[in-house]
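The block underneath contains the structure these notes are about, expressed in structure tokens.
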Number of protein chains: 2
Amino acid sequence: MSPEDTLMDTLNAIEPIAQNFMREAQKRSDNLTKPQGSLGRLEELAALVCGIKRTLKPKTENKVIFTLAADHGVAEEGVSAFPQEVTKEMISNFVNGGAGVNVLARHINAKVIVVDMGVKGEILSKDVIIKKIANGSKNFTKGLAMTREQAIKSVLYGIELVDEEMKNGTIDIVGTGDMGIANTTPSSAVVAAITHAEVEKITGRGTGISDEIFNNKIMVIKKGLNLNKPNPDDAIDVLSKVGGFEIGGIAGVILGCAKNKIPVVIDGFISGAGALIAYKLNPLTKDYMLASHQSVEQGHKILLEYIGLKPLLNLNLRLGEGTGAALGINLVEASCKILNEMATFEEADVSKKIN
Amino acid sequence: MSPEDTLMDTLNAIEPIAQNFMREAQKRSDNLTKPQGSLGRLEELAALVCGIKRTLKPKTENKVIFTLAADHGVAEEGVSAFPQEVTKEMISNFVNGGAGVNVLARHINAKVIVVDMGVKGEILSKDVIIKKIANGSKNFTKGLAMTREQAIKSVLYGIELVDEEMKNGTIDIVGTGDMGIANTTPSSAVVAAITHAEVEKITGRGTGISDEIFNNKIMVIKKGLNLNKPNPDDAIDVLSKVGGFEIGGIAGVILGCAKNKIPVVIDGFISGAGALIAYKLNPLTKDYMLASHQSVEQGHKILLEYIGLKPLLNLNLRLGEGTGAALGINLVEASCKILNEMATFEEADVSKKIN
């Protein structure tokens with residue numbers, strides 16, 4: 001089977017979430033010892049997870065955050081405040097448990113799976129899953145970021161990550177994460193290509209760049225879009241022309257989760273670009289996604305609205321790695337515990353509303 | 001010593017938080033393996049906790065949520081959707097671990113301390129701390145909600161709760177919570193009296209009331225304010241004329257935390273009314289408070305802005321009990337772990353920003 005056919009198989013295997021389980025979950029929620037609706041979005045989250053998992057007793061024990069790393073040829077255009085070797089250096093930091101995502105994953109009792117999707121240079125740690133497509137994507141101001149075959153491969157690798165981890169045991173909930181110096185640049189390009197938003201409106205300061213670099217970044221993104229002319233109706237085309245390997249991988253993780261009926265909590269802007277690719281490939285994925293937070297990156301709001309996702313948190317985060325996803329997973333877990341553990345009016349012998 | 005003098009002693013014992021520890025904490029944060037400021041409000045939270053505790057290694061292990069319950073004479077004016085006996089019934093639910101606050105406290109590994117500040121009827125459970133002032137406050141449309149002596153007593157009881165729990169071991173962080181049928185009515189009255197906001201603008205639907213009851217609720221609050229004329233510059237006067245025992249108790253818990261240099265996470269609207277009383281008694285308390293969430297109750301935004309607090313979450317919650325505080329504590333704990341556990345650039349051997 002060709003890679004394109006394998007991808008099509010996954011896209012076709014994604015089912016709509018189960019509305020009847022959502023309704024039953026909300027019914028149970030309405031009967032718990034609290035005024036109806038008084039736990040707001042927690043009630044909505046729990047119902048959504050029930051719809052995804054087709055159960056009224058949603059488990060959240062086995063939590064996995066996939067942190068996908070890759071390098072970007074466009075980094076040579078001077079769009080980031082950090083040198084490219086930081087991508088590889090941060091992988092060691094992830095493996096040693098010292099990065100932000102490690103701390104927050106321990107806080108919520110989640111496993112972090114670190115993946116080399118295309119980091120420049122060889123990763124030797126046996127604690128990193130190698131799904132390497134190339135030593136970084138190419139500079140999209142000079143041609144394609146990657147070939148169409150590589151773009152499809154990056155998405156298939158993401159799907160595989162979920163399928164392979166399922167073989168190690170159940171996954172109850174997934175978070176996405178990224179690492180890749182310069183990767184807000186391809187993310188902005190992907191968002192601009194798909195949503196038709198102006199580049200100026202969706203480009204942010206990434207890790208913290210000066211005005212000069214910021215203006216250059218906008219020019220670089222425009223140059224890449226003008227040169228490559230990605231087709232907004234062909235997400236794989238967009239990914240191959242102006243995307244990145246971790247962005248494709250994240251799209252794949254989301255497709256893998258949707259196929260396997262696992263709720264997937266989307267991190268920030270880079271994960272959002274991956275979410276946009278997944279959504280364009282199959283809009284049914286939307287109902288499997290939960291947006292963890294509203295990033296500082298200004299394009300994030302536009303892409304979440306495009307998909308139709310409402311972020312859970314707004315804490316001015318802009319780190320990536322899956323840090324926001326970890327906090328989001330924690331809220332989803334809380335919502336499921338409410339549904340599973342709270343007493344009903346009958347059980348607690350509490351009087352009901354009188355009017 | 002008179003109760004009034006005892007209260008004055010606590011007010012005088014509250015010190016400003018330590019700006020130097022806040023600055024040192026931010027310096028450490030800036031040197032962790034992430035772009036500076038990229039963990040947004042988490043970094044601010046951690047710095048604030050360091051300023052409160054005067055340490056750079058803030059602990060959050062011992063977490064306590066105080067859920068203070070009381071009844072309200074004004075309930076007889078038909079301002080709530082639930083019968084008054086629910087206050088007492090919910091205390092059993094708290095003791096049995098079946099309420100929302102129990103579930104979320106277990107989720108964050110916090111202890112819930114349930115307190116009878118003035119519930120109608122006798123509470124027999126030995127798992128409830130009895131700080132009973134009376135069998136409910138009086139109907140403030142017909143006179144004072146409580147005497148000035150009772151108001152002071154409710155605040156002193158709140159302070160005692162913190163002091164007594166400190167004797168059982170350290171408290172690293174506190175959350176506030178409430179239970180009391182009809183208590184959004186006195187809370188709205190307190191907020192209106194202190195902030196001078198229009199009653200219409202700060203009155204919400206509480207547990208979920210109809211238009212008719214809502215309009216009646218506004219009339220009831222106006223009647224209470226017109227009859228009793230609370231003095232906005234005398235928080236104890238406001239509390240005694242239109243407040244409630246749990247509202248006074250929450251103010252006391254906040255004062256007790258400030259005195260003992262413990263960060264205190266404020267729940268929703270009712271806790272906010274307590275926070276307003278504490279803030280008016282001593283504005284230094286503001287820096288010890290963290291606002292967990294923006295409640296659906298429309299007066300909540302006004303009171304938070306009056307104090308100068310920015311809520312962490314916006315999840316359309318309106319349950320009270322300390323449920324929002326539990327979620328807020330969880331974020332504060334995450335922020336402290338970031339500061340304590342993340343590797344610095346030097347430790348992780350990661351390259352720094354180039355420009």
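A, B, ... follow the sequence lines: proteins, then strands. Residue 1 opens every chain. Note that this is a predicted model, so its numbers are computed, not measured. As a basis for the values below, the full set of heavy atoms in this structure was taken, side chains included, without hydrogen atoms, waters or symmetry mates.
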*Minimal non-hydrogen separation, B:Gly100 against A:Ile338, with atom names*: O-CD1, 4.0 Å
*asked:* Can you tell me how far apart CD1 (A:Ile108) and NE2 (B:His107) are? Round to the nearest 0.5 Å.
replied: 8.5 Å
*Which value, rounded to the nearest 0.5 Å, describes the distance between A:Lys353 atom NZ and B:Ile209 atom CD1?*
9.0 Å
_Proximal component of A:Lys88, with respect to chain B [non-hydrogen, under 4.5 Å]_ = neither
*asked:* Give me the atom names and distance for the closest heavy-atom approach of B:Ala99 to A:Thr33.
replied: CA-OG1, 4.4 Å
*Which one of B:Gly40, B:Ala348, B:Ser38 has the most heavy-atom pairs closer than 4.5 Å to chain A?*
B:Ser38
*Between B:Leu331, B:Leu32, B:Asn330, B:Thr344, which residue shows the highest count of heavy-atom pairs closer than 4.5 Å to chain A?*
B:Asn330
*Portion of A:Leu317 that has a non-hydrogen atom of chain B nearer than 4.5 angstrom*: both
*asked:* Atom CD of residue position B:Glu346 - does it have more than 12 heavy atoms of other residues, nucleotides or ligands inside 6.0 Å?
replied: yes
*Could you have a look at B:Arg41, B:Arg318, B:Glu347 and say which one has the most heavy-atom pairs with chain A under 4.5 angstrom?*
B:Arg318
*Which atoms of B:Phe345 approach chain A - backbone, side chain, both or neither, heavy atom under 4.5 Å*: side chain
_Heavy-atom proximity to chain A below 4.5 Å, by part of B:Leu39_ = both
*Which value, rounded to the nearest 0.5 Å, describes the distance between A:Asn102 atom CG and B:Met342 atom CE?*
8.5 Å
*Tell me, out of A:Lys337, A:Arg106, A:Lys352, A:Glu89, who's got the most heavy-atom pairs with chain B below 4.5 Å.*
A:Glu89
*Between atom CG of B:Asn316 and atom CD of A:Glu44, what is the distance when rounded to the nearest 0.5 Å?*
7.0 Å
*Closest heavy-atom contact between B:Met90 and A:Val350?*
SD-CG2, 4.0 Å
_Interface moiety of A:Asp349 toward chain B, non-hydrogen atoms closer than 4.5 Å_ = backbone
*asked:* On a heavy-atom basis, which atom in B:Val86 and which in A:Ser351 lie closest, and how many Å separate them?
replied: CG2-O, 3.5 Å
*Measuring heavy-atom distances to chain A, does B:Gln36 have an atom under 4.5 Å in its side chain, in its backbone, in both, or in neither?*
backbone
*For B:Glu341, is it the side chain, the backbone, both, or neither that has a heavy atom closer than 4.5 Å to a heavy atom of chain A?*
both
_Under 4.5 Å from any heavy atom of chain B, what part of A:Leu313 do you find: side chain, backbone, both or neither?_
side chain
_Within the structure provided, determine whether A:Leu327 and B:Leu42 are in side-chain contact (heavy-atom separation under 4.5 Å)._
yes
